[in-house]
Amino acid sequence: MPERHQNAAPRLNDFTVKFANVNGSGSASANALVMKAIFRMGVPVVGKNFFPSNIQGLPTWYEIRVTREGWRARAGHVDVMVAMNAETYARDVREVAPGGCLLYDSTWPRSSLLAREDIRTFGVPFAELCNQHFEGARARTLMKNIMYAGTLAALIDLDLEVIRGLLAETFAKKPALVDSNMKAIEIGYRHAKEHFDCPLPTRIERMDATRGHVIIDGNTAAALGCVYAGATVGAWYPITPSTSLMDAFRSFCARHRTDPQTGRRDYVVVQAEDELAAIGVVIGAMWNGARAFTPTSGPGISLMQEFIGLAYYSEVPAVIFDVQRVGPSTGMPTRTQQCDLLSCAYASHGDTRHVLLFPDSPEECFTMAVQAFDLAERLQTPVFVLLDLDIGMNDWMVPDFRWDDGYRPDRGKVLSREQVEALPKFQRYMDPDGDGIPYRTLPGVSPKASYFTRGSGHNKYGTYTEDSAEYQEVLDRLARKFETAKKLVPPAVADGRGSAVAIVSIGSCDGPVREALAQLRRSGLAIDYLRVRGFPFGAEVEEFLASHPTVFVVEQNRDAQLRALLTLETGADKQKLRSILHYDGLPMAAACIVEGVNRALDRGVAA
Amino acid sequence: MSYIAKPKVANPGLPRNELGLNRRDYEGGMSTLCAGCGHDSVTAAIVQACFELALPPQSVVKLSGIGCSSKTTAYFVAGGHGFNSVHGRMPSVATGANAANRHLRYIGVSGDGDSLSIGVGQLAHAIRRNLDIVYILENNGVYGLTKGQFSASADVGSKSKKGVANEDQPIDPVLLALALGASFVARSFSGDKEQLVPLIKAGLAHRGFAMIDVLSPCVTFNDHEGSTKSYAYVREHSEAPVAADYIAPRQEIRVQYRPGETVQVPMHDGSQVVLRKLDPGYEPTDRARAAAYVQERALRNEYVTGLIFVDETRGDFHDRQSTSEQALNAVSYERLCPGEGRLAKILQAFR
Ligand SMILES: Cc1ncc(C[n+]2csc(CCOP(=O)(O)OP(=O)(O)O)c2C)c(N)n1
Ligand code: SF4
Ligand SMILES: [Mg+2]
């Protein structure tokens with residue numbers, strides 16, 4: 001259990017509420033309602049969902065961190081527990097930090113819940129109240145959820161008008177539901193007001209820190225990026241935690257890519273028979289000039305290996321979103337990890353290396369989705385965008401996405417009919433520009449544009465070869481192309497310079513790292529930070545590593561895969577790269593980094 | 001070994017098609033297959049069909065997997081793009097390519113190993129989607145390129161070169177395609193150009209998945225006594241209940257067909273396929289009866305050939321997707337991107 005602030009000072013806009021529910025009981029909308037209400041009251045929030053690989057019946061938790069300072073990580077402790085699942089009472093009670101409180105359904109008295117003297121326990125007979133006020137089993141279950149939101153609203157001082165507004169938007173087409181939901185809210189609210197000392201010192205106070213922000217998950221953001229990038233073909237095989245990316249793409253396209261008169265669509269979504277087929281569809285479509293992508297997760301990446309090598313060697317663009325989940329094998333499908341760095345970087349047999357992008361949040365999922373298509377087409381190679389379940393499926397508060405209407409897709413070196421017909425002869429795999437990137441043509445353009453795409457040995461003219469020198473010439477050019485990629489991937493971003501100690505990290509570690517940095521710096525440690533955003537690593541990564549004697553590599557896997565990539569692909573001294581690893585499947589909190597750094601540096605400092 | 005270019009000799013005497021191209025304009029690189037390999041005859045039939053249809057060479061997209069058969073996409077229509085993908089996975093590449101541009105002609109070439117073992121899943125699902133492609137399965141009962149192992153189309157009792165009999169049940173691509181709802185199912189023989197060329201033309205005219213199973217003997221590993229995929233055996237044991245005539249758009253039907261003996265199928269592009277019944281009881285538009293017929297004959301060790309089943313009314317992949325008429329790879333970016341204006345509205349839903 002992480003350490004806790006022992007003083008019970010009022011925790012205004014700085015606490016964590018955790019909801020313990022039963023999967024499939026409809027609790028998600030009640031929890032979202034609470035989070036949105038806090039957000040609309042101008043207070044920054046972080047939403048994390050801990051759900052089982054199950055459709056109905058197993059325990060599920062939702063955590064809302066209220067963070068006036070706008071931190072993006074989990075807090076790592078719980079101040080208010082809404083314990084609505086009798087099956088998990090024991091562990092839920094244990095998880096509440098000293099000084100915190102617990103809300104439960106007291107229809108059935110539970111002495112076990114009263115066991116702790118260092119927390120406050122609030123019992124509300126939710127089931128009984130629902131039975132009194134609502135008809136029908138289904139309505140009663142749903143209203144029980146909404147009712148606890150009402151009680152919580154009283155305890156943490158949420159504005160009921162904000163809640164009413166949210167309900168009115170949700171049920172714009174069914175006004176009767178607004179009334180029944182509001183009734184449940186008010187019953188819960190009134191009960192709390194009558195029986196408890198409301199609000200708690202741990203409460204919400206209006207701020208103005210969420211203007212210009214949205215609450216969105218990374219899969220939705222990436223899907224929106226695909227729409228804005230002009231992607232027209234999506235292919236996938238359903239797999240948690242990537243499925244919602246395609247769901248979102250489909251629904252954005254239904255609105256924005258469908259002719260309202262004719263119903264004809266400027267997009268195609270293929271639910272493939274497996275991931276092998278999904279990547280095959282992407283390769284076929286991009287070979288033929290459409291922007292195409294596939295969302296998947298680790299098991300899908302494993303299946304795609306052979307095709308990824310084909311795309312690499314025959315130089316066909318492809319965009320793959322890997323929403324990483326816990327491996328190996330099926331692992332824990334609903335838990336998060338950064339465990340596919342190596343399997344993506346070197347995917348497929350033979351000498352292959354791939355371009356990777358590492359978004360840190362939904363905001364970068366949006367921008368990097370667009371970049372991924374530009375890079376894939378510019379470099380004529382597969383590009384992986386590595387999200388993880390935390391980024392992909394959790395609710396993040398991020399600044400509004402921005403869009404420049406001046407953007408035009410970089411379609412790379414594709415010769416038009418006129419260009420190809422002006423050539424004496426088109427040859428596919430030459431390097432006229434010296435950047436390792438050849439010119440390509442699209443089918444249908446001209447008989448002079450035709451060439452043969454193959455994964456078997458080919459020479460620079462695109463014809464079959466088994467000649468050693470001809471084969472090697474192409475392979476060496478591919479290596480040069482990878483050098484070019486270093487200059488094109490998004491550069492790493494640094495925070496601070498000149499310290500002896502530094503952290504290098506990646507993707508969704510950014511939130512906890514930044515929070516840890518603040519704590520470490522407050523405790524007197526000079527420490528710099530570099531967040532890697534793309535692979536192959538650019539010169540800035542090399543320089544940062546070279547200029548810091550001690551580097552902590554923070555990542556979410558057991559085998560230190562980022563550290564391995566850094567040692568393989570930069571000149572950094574292996575000895576000075578020290579790992580801080582988190583791989584239990586839950587999103588990281590700052591404490592693990594602070595403790596890791598302090599322990600390694602032998603600092604007896606409490607953060 | 002390096003690429004062998006076929007010498008182009010000007011042949012002023014060769015007949016020309018509507019585009020002013022002659023047959024040689026539809027050829028590709030020189031074949032590197034064994035002399036006498038059935039696959040080369042199939043290549044020749046494809047060349048002939050494309051020439052006769054006067055397809056602009058660049059409108060032809062050739063896709064294949066891996067195998068001797070799959071190599072042949074390099075041997076026809078040099079003016080069209082080719083894609084030799086990975087073993088058994090051509091259907092997915094074809095799906096993506098077709099998704100990107102619905103207006104090209106897709107010719108897939110595969111083998112019985114490529115299609116019926118490693119690739120049977122992809123084949124099945126391309127059929128289910130009714131992808132608009134002519135799928136030519138060059139069927140020789142063995143894996144030619146890996147030196148003669150039995151493939152999944154090998155018949156029970158058919159003997160390998162070393163005399164070992166296959167005991168596993170064969171997968172008949174025709175029955176498979178019928179069962180999966182293919183809208184065009186045909187079988188032919190590499191040695192029967194008369195039959196094969198019109199079938200390929202009809203398959204190209206068909207909108208949707210056109211399966212053409214072509215028995216195409218492997219002279220090196222499966223053309224011996226005891227094999228059921230040898231030239232001699234196939235010639236002896238083939239039987240066509242219907243003959244298909246391809247009639248180009250606007251071309252007059254000159255032959256006098258006797259009423260009741262033919263089925264006329266208007267194709268999507270305005271052409272027609274006239275099916276002459278050689279077996280009066282045969283119904284090429286009745287899926288269940290066609291399947292039963294093929295199965296019955298198989299029990300008697302006979303290959304049913306010809307256009308076995310056709311249904312021109314079923315929507316293809318794009319019909320089901322309601323895709324715009326314009327090729328997706330040609331839709332302007334301006335039309336695809338909702339722009340800054342609509343972004344604000346989209347984000348409003350996330351507050
Ligand atoms: C993943 C993979 N496994 C195995 C092979 C080896 N292989 C190449 S072709 C082939 C069989 C081809 O048989 P078929 O499709 O019938 O073609 P044919 O040579 O008979 O025309 C095999 C097994 C391969 N290329 N890829
Ligand atoms: S091995 Fe068989 S299939 Fe391959 S080229 Fe030779 S004859 Fe044809
Ligand atoms: Mg074969």
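In what follows, chains are A, B, ... by sequence order, proteins preceding strands, each numbered from 1. Below, all heavy atoms of this structure are taken into account, side chains as well, without hydrogens, waters or symmetry copies. All of these numbers come straight from a predicted model, not from anything done at the bench.
- Contacts of B/Ile66 with chain A are absent, with no heavy-atom separation under 4.5 Å from either backbone or side chain.
- Ranked by heavy-atom pairs shorter than 4.5 Å toward chain B, the options A/Leu442, A/Asp395, A/Asp404, A/Leu166 are led by A/Leu442.
- Heavy-atom distances place no part of A/Arg291 under 4.5 Å from chain B, backbone and side chain included.
- At a 4.5 Å heavy-atom cutoff, the contact between A/His213 and chain B is made by backbone atoms alone.
- Using a 4.5 Å cut-off between heavy atoms, A/Leu224 contacts chain B through its side chain alone, with no backbone atom that close.
- For B/Leu104, the part lying near chain A is the side chain, with the backbone staying farther off; criterion is any non-hydrogen pair under 4.5 Å.
- In this structure, the portions of B/Glu325 lying under 4.5 Å from any heavy atom of chain A include both its backbone and its side chain.
- For A/His458 and A/Tyr313, the gap between ring centers is short of 6.0 Å.
- With hydrogens and angles disregarded, no donor-acceptor distance shorter than 3.5 Å links the side chain of B/Tyr106 to the backbone of B/Leu131.
- A/Thr441 and B/His81 share a donor-acceptor pair across their side chains, judged by distance under 3.5 Å alone.
- When heavy atoms are compared at a cutoff of 4.5 Å, A/Ser446 approaches chain B solely by way of its backbone atoms N, CA, C and O.
- In this structure, the portions of A/Val268 lying under 4.5 Å from any heavy atom of chain B include both its backbone and its side chain.
- A/Phe366 has its ring centre less than 6.0 Å from the ring centre of A/Tyr228.
- B/Asn22 contributes a side-chain N or O that, together with a main-chain N or O of B/Asp25, makes up a donor-acceptor pair within less than 3.5 Å.
- Only the backbone of A/Tyr267 comes within contact range of chain B, judged by heavy atoms closer than 4.5 Å.
- When heavy atoms are compared at a cutoff of 4.5 Å, B/Ala349 approaches chain A solely by way of its backbone atoms N, CA, C and O.
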**Request:** I would like to know whether B/Glu138 and B/Val109 meet side chain to side chain contact (heavy atoms under 4.5 Å, CB included); could you show each step before the answer?
**Result:** CA-CA 7 Å; B/Glu138 300 182 353; B/Val109 178; 3.5 Å; yes
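- For B/Tyr333, the part lying under 4.5 angstrom from a heavy atom of chain A is the side chain only.
- Between the side chain of A/Arg454 and the backbone N or O of A/Ser314 there is no donor-acceptor pair closer than 3.5 Å.
- The most heavy-atom pairs under 4.5 Å with chain B, out of A/Leu310, A/Asp259, A/Val233, come from A/Leu310.
- Using a 4.5 Å cut-off between heavy atoms, A/Ala449 touches chain B through backbone and side chain atoms alike.
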**Request:** Might you work through the side chain to side chain contact (heavy atoms under 4.5 Å, CB included) test for A/Cys253 and A/Val227, ending with a clear yes or no?
**Result:** CA-CA 7 Å; A/Cys253 285; A/Val227 174; 4.2 Å; yes
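- Within the 4.5 angstrom heavy-atom criterion, only side-chain atoms of A/Phe39, from C-beta onward, approach chain B.
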**Item:** Worked check of side chain to side chain contact (heavy atoms under 4.5 Å, CB included) between A/Val45 and A/Lys36
**Value:** CA-CA 9 Å; A/Val45 280; A/Lys36 282 259 170 114; over 6 Å; no
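- For chain B, the option among A/Thr220, A/Val270, A/Ile279 with the highest count of heavy-atom pairs below 4.5 Å is A/Val270.
- When each of A/Gly457, A/Pro409, A/Gly230 is scored by its heavy-atom pairs under 4.5 Å with chain B, the top score falls to A/Pro409.
- Residue contact with chain B, scored on non-hydrogen atoms closer than 4.5 Å, is absent for A/Ala235.
- The aromatic ring centroids of A/Phe249 and A/Phe293 lie less than 6.0 Å from each other.
- Interface remark: B/Arg129 contributes side-chain atoms only to the contact with chain A (heavy atom separation under 4.5 Å).
- With a threshold of 4.5 angstrom between heavy atoms, A/Ile215 approaches chain B through its backbone and through its side chain.
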